[in-house]
Amino acid sequence: MDQKLHNLKTQAWAQINSADSVAELEQLRINYLGRNGELNKIAEDLKNLDSNQKALVGRIFNDTKNALENLILEKIQEIRGEEKKGWFDPTVPGIEPILGNLHLVTQAIEEISGIFQKIGFVRVRYPEVEWDWFAFEALNMPKDHPARDEWETFFVDHPEDKKYGKMVLTPHTSSGQPREMQRVKVPPIRMINIAKCYRRQSDNTHVPMFHQFEGLVIDKGINITHLKGTIDFFAKQFYGEKAVSRIRPFHFMFTEPSFEVDFSCVHCDGKGCRFCKSGWHEVGGAGMVHPNVLKAGGIDPTEYSGFAFGWGVERAQLLKPGIEIDDLRTLYSTDLRHLRQF
Ligand code: DAH
């Protein structure tokens, strides 16, 4: 009889487990556990056993009954729970995980570093919170000089240093020049400093926090042809083989002579179009390092000479074809619909 019970239990167990609706389970409960169900039919035979056996088989009988009842209850709860969650269609395509991508400016920084590293420049980083001395004075811009106004500087509320003056948010990467000279002490220097810069400005072509990259080369016998060659190399690597650069006389306090640097427009190869009008885009400044700057960095201007250049990462990147951004501020708006395009 206990064999019969065992068989019944195995069969009921399998049927209950494969049931997939509450109605089916109710029917199974009636078939096995109901008044006229299979279990009760077996119970009839209990009567014919002697008292010892009755006790033993009786226990097995009750265990089987309880186990099946519990299983049916569990299954019903499980199915009700799923019904509550709603119908699940396993053929519906899943939710794709969001794929991140590098910010346009990060991409540009990586590309720019790579280009200059090819010709032996070393990428360096200097403080974002800087002293006035490195940002201006060492760059031949004495205190209260009107030229400083152009840099629309943020000042940090911090006691002034006797030697280095006020604390500022670095307004340009040129502050890396005297820092690099002091670090290296004895040239040659081939530095590329790419960093965040801050100025009090905000319109569709300016943001208060932006990025610049600054090149500095100092050695014996460095002249303007080295500067022009380096800038041309960059133009071709960054904008394509057809790109050319030109330098125009300009004035900066920290270079003499100084130039503004233009790149030929990549949309029209310098012929002139709606983007450039003239065929050229102005990108930044450059020049031969002023002797006073070399002196401030502890380098003898009678022995060494050097060139420097610096311009905006955002601006350089925005001149590439396929990147049309009317308002620079959207780059830092954290709107993913905008940022995912690049
Ligand atoms: N620091 C200048 C600026 O922020 C750009 C610049 C001009 C950098 C001439 C240079 C340079 O290294 O030689 O406008």
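Counting convention: from 1, in listed order, for ligands and their atoms alike. Small disclaimer: the values here were computed from a predicted structure and weren't measured. All residue numbers in this chain count up from 1 along the given sequence.
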Asn204/Asp327 under side chain to side chain donor-acceptor pair (under 3.5 Å): CA gap, chis, key distance, verdict: CA-CA 4 Å; Asn204 59 351; Asp327 191 337; 5.9 Å; no
Non-neighbouring partners of Phe154 that pass ring pair (Phe, Tyr, Trp, His ring centres under 6.0 Å), sequence neighbours left out: none
Plane angle bin for Phe213 and Phe116 - parallel if under 30°, tilted between 30 and 60°, otherwise perpendicular: tilted
Pairs touching residues 208-227 that satisfy salt bridge (charged side-chain N to carboxylate O under 4.0 Å, His left out), sequence neighbours left out: Lys220-Glu303
Non-neighbouring partners of His338 that pass ring pair (Phe, Tyr, Trp, His ring centres under 6.0 Å), sequence neighbours left out: Phe342
No-hydrogen, no-angle side-chain donor-acceptor test under 3.5 Å, Ser245 and Asp232: yes
Per-ligand residue contacts, ligand 1, heavy-atom threshold under 4.0 Å: Trp151, His172, Ser174, Gln177, Arg199, Gln212, Glu214, Phe252, Phe254, Thr255, Gly285, Ala286, Gly287, Ala308, Phe309, Gly310
